[in-house]
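Just so we're on the same page: letters track the sequence lines, and every chain starts at 1.
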Protein chains: 2
Amino acid sequence: MARPAVFDSEQLLDAAVRLAASGGPAAVTMSAVAAEAGASSGSVYHRFAGRTALLAEVWLRTVEGFQDGYFKALDAGVDARQAGCAAARYVIAWSRAHPEQAALLLYGAEDFGRAKWSEEHVRRADRGNQRVRATLGSLTADLGGEGPQAAEQVALAVVDLPLSLVRRHLRGGGRLPAHAEDLAERCAAALFDSLHGP
Amino acid sequence: MARPAVFDSEQLLDAAVRLAASGGPAAVTMSAVAAEAGASSGSVYHRFAGRTALLAEVWLRTVEGFQDGYFKALDAGVDARQAGCAAARYVIAWSRAHPEQAALLLYGAEDFGRAKWSEEHVRRADRGNQRVRATLGSLTADLGGEGPQAAEQVALAVVDLPLSLVRRHLRGGGRLPAHAEDLAERCAAALFDSLHGP
DNA sequence: AGCTATATAGAGACCTGTCTCTAAAATAGT
DNA sequence: ACTATTTTAGAGACAGGTCTCTATATAGCT
């Protein structure tokens with residue numbers, strides 16, 4: 001009943017991911033995305049209300065894709081310590097499997113223009129953040145940690161520290177070494193143990 | 001013998017720091033710096049060859065300013081463990097004292113256009129990186145760590161982890177809480193101890 | 001006062017990116 | 001074939017940034 005689409009949103013977002021991975025959020029312009037996907041600028045504007053919306057979509061799709069597996073990894077372990085270690089490993093494994101998307105994750109929502117996002121996009125971002133906060137809060141409790149400092153230490157162990165490891169290797173075009181998962185897990189475990197230890 | 005300068009490079013770089021802190025490297029445009037410093041664009045071009053050079057200078061001045069105290073902190077301790085802890089604390093303390101410059105440090109040289117820098121600027125950056133690598137290498141050895149994984153773990157403890165803590169609080173406009181130094185030191189110590197421990 | 005060396009002001013050419021708008025293309029159902 | 005609907009192509013107005021260039025200002029020295 002109508003002309004079939006040649007370019008769908010996913011294709012254009014894929015192009016945006018490639019651009020952001022190699023040149024940062026600033027490289028994601030409407031015309032660059034069009035060129036990267038082999039489309040015209042009109043096609044990009046047909047799918048996205050403007051650059052602000054495109055940046056929000058590419059960020060949210062990436063973060064939500066990452067979080068999907070992240071929560072599964074956290075649920076898998078038999079005890080809290082194993083769950084936390086699995087989460088730390090997952091950050092590395094996912095980044096190894098999706099290096100371009102991982103490069104996106106090393107930026108923040110602010111770098112993708114969060115200040116200009118629509119309410120709907122902000123809500124989607126907040127929902128994800130809220131879910132992470134809640135999950136890490138109960139992980140902290142299960143690990144025997146108490147107070148905001150303990151929660152922060154756990155967040156560092158299972159989010160920031162693995163991401164730092166990714167940043168250290170992906171910035172500069174390299175790949176993640178084979179031992180990265182082990183290193184992330186060892187560091188996370190050390191931080192878990194120091195929650196009560198001496 | 002000549003007209004005295006109204007705007008010197010430092011003033012303009014200070015303006016660039018303020019812009020980068022609030023809007024990221026993308027906000028550091030020649031005209032924005034001129035406006036922020038109350039100068040004309042001509043004055044900015046008189047001091048810097050172009051936007052590429054300005055970005056390189058503001059990044060390098062910030063990093064080198066940070067590293068000055070960082071090396072001193074690493075030298076101060078009586079043993080390697082204390083030196084490492086002092087370094088971790090220093091990252092937090094410096095960021096607390098210089099929140100705008102700290103916001104810069106959360107980006108990378110790539111975000112400041114490293115790919116387009118002059119050879120001279122690249123050399124300056126490499127020199128600093130090299131010095132950090134060497135210092136952390138001997139710190140790792142003094143801590144009894146062996147191999148590239150140990151060096152990486154030490155770097156995570158005394159550079160990336162404290163910076164993650166800073167990122168976690170400064171992104172979103174907040175301030176560093178009072179306990180941040182203690183938290184950074186505790187985490188660093190835990191990572192040092194897991195170098196040999198079980 | 002005139003000269004020289006340096007600094008600033010700001011106009012304007014050029015480029016790139018955003019976004020709007022119109023025309024054309026393509027398909028399923030009638 | 002015709003129509004309704006959706007999609008694409010791409011021209012062009014507009015905004016903002018980079019960089020060049022010229023005119024002007026200000027100090028010390030003679």
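Geometric assessment of A:R171 against the ring of B:Y107 yields a negative cation-pi assignment under the 6.0 Å and 45° thresholds. Under a cutoff of 6.0 Å and an axis angle of 45°, A:R47 and A:F7 do not form a cation-pi pair.
Atom pair A:L55:CG and C:dG17:P shows a separation of 14 Å (rounding to whole Å applied). Atom-to-atom, CZ of A:F48 to C1' of C:dT18 comes out at 16 Å; the value is rounded to the nearest Å. The nearest whole Å value for the distance from the NZ atom in A:K116 to the P atom in C:dT18 is 11 Å. Note: CZ (A:R3) to C1' (D:dT7) measures 5 Å, nearest angstrom. Rounded to whole Å, atom C1' of C:dT8 lies 8 Å from atom NE2 of B:H46. Taking atom CZ of residue B:R51 and atom P of nucleotide D:dG17, one finds them 10 Å apart after rounding to whole Å.
Taking only side-chain atoms of B:R47, from C-beta outward, the nucleotide of D:dT8, C:dT18, C:dA7 with the closest atom is C:dA7.
Looking at A:F112 and A:L60, their side chains never come closer than 4.5 Å, going by heavy atoms from C-beta outward. At a threshold of 4.5 Å between non-hydrogen side-chain atoms, the residues B:R175 and B:P99 do not count as touching. Side-chain contact between A:K116 and A:R51: absent, with no pair of heavy atoms (C-beta onward) separated by less than 4.5 Å.
Between B:D126 and B:R133, none of the side-chain N atoms (NZ, or NE/NH1/NH2) sits under 4.0 Å from a carboxylate O, so this pair counts as no salt bridge. Salt-bridge formation is not detected for the pair A:E181/A:R89: no Lys NZ or Arg NE/NH1/NH2 atom is positioned less than 4.0 Å from an Asp or Glu carboxylate oxygen. A salt bridge links B:E57 with B:R124: the closest approach of a Lys/Arg side-chain nitrogen to an acidic carboxylate oxygen falls below 4.0 angstrom.
Listed by residue number, A:A5, A:V6, A:F7 are the residues of residues 5-23 of chain A with a heavy-atom contact under 4.0 Å to DNA chain D. Remark: nothing in residues 24-33 of chain B comes within less than 4.0 Å of DNA chain C through any heavy atom.
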Determine, step by step, whether A:R168 and B:E152 satisfy the salt bridge (Lys or Arg N to Asp or Glu O under 4.0 Å) criterion, reporting the C-alpha distance in whole Å, the side-chain angles of both residues, the deciding distance to 0.1 Å, and the verdict.
CA-CA 9 Å; A:R168 194 164 268 278; B:E152 197 157 22; 5.2 Å; no
Taking it one step at a time, do A:R131 and A:Q67 satisfy side-chain hydrogen bond (donor to acceptor under 3.5 Å, both in side chains)?
CA-CA 10 Å; A:R131 196 173 159 204; A:Q67 288 177 348; 5.9 Å; no
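DNA chain C is contacted by both A:G50 and B:G38; B:G38 maps to the nucleotide lying nearer its 5′ end (nearest heavy atom per residue). Residue whose closest nucleotide on DNA chain D sits further toward the 5' end, between B:P4 and B:A49: B:A49.
A tilted orientation is assigned to the rings of A:Y70 and A:Y90, their planes being inclined by 30° to 60°.
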Protein heavy-atom contacts under 4.0 Å, written 5' to 3' over nucleotides 10-15 of chain C as B (base), S (sugar-phosphate only) or - (none), form the string B-----
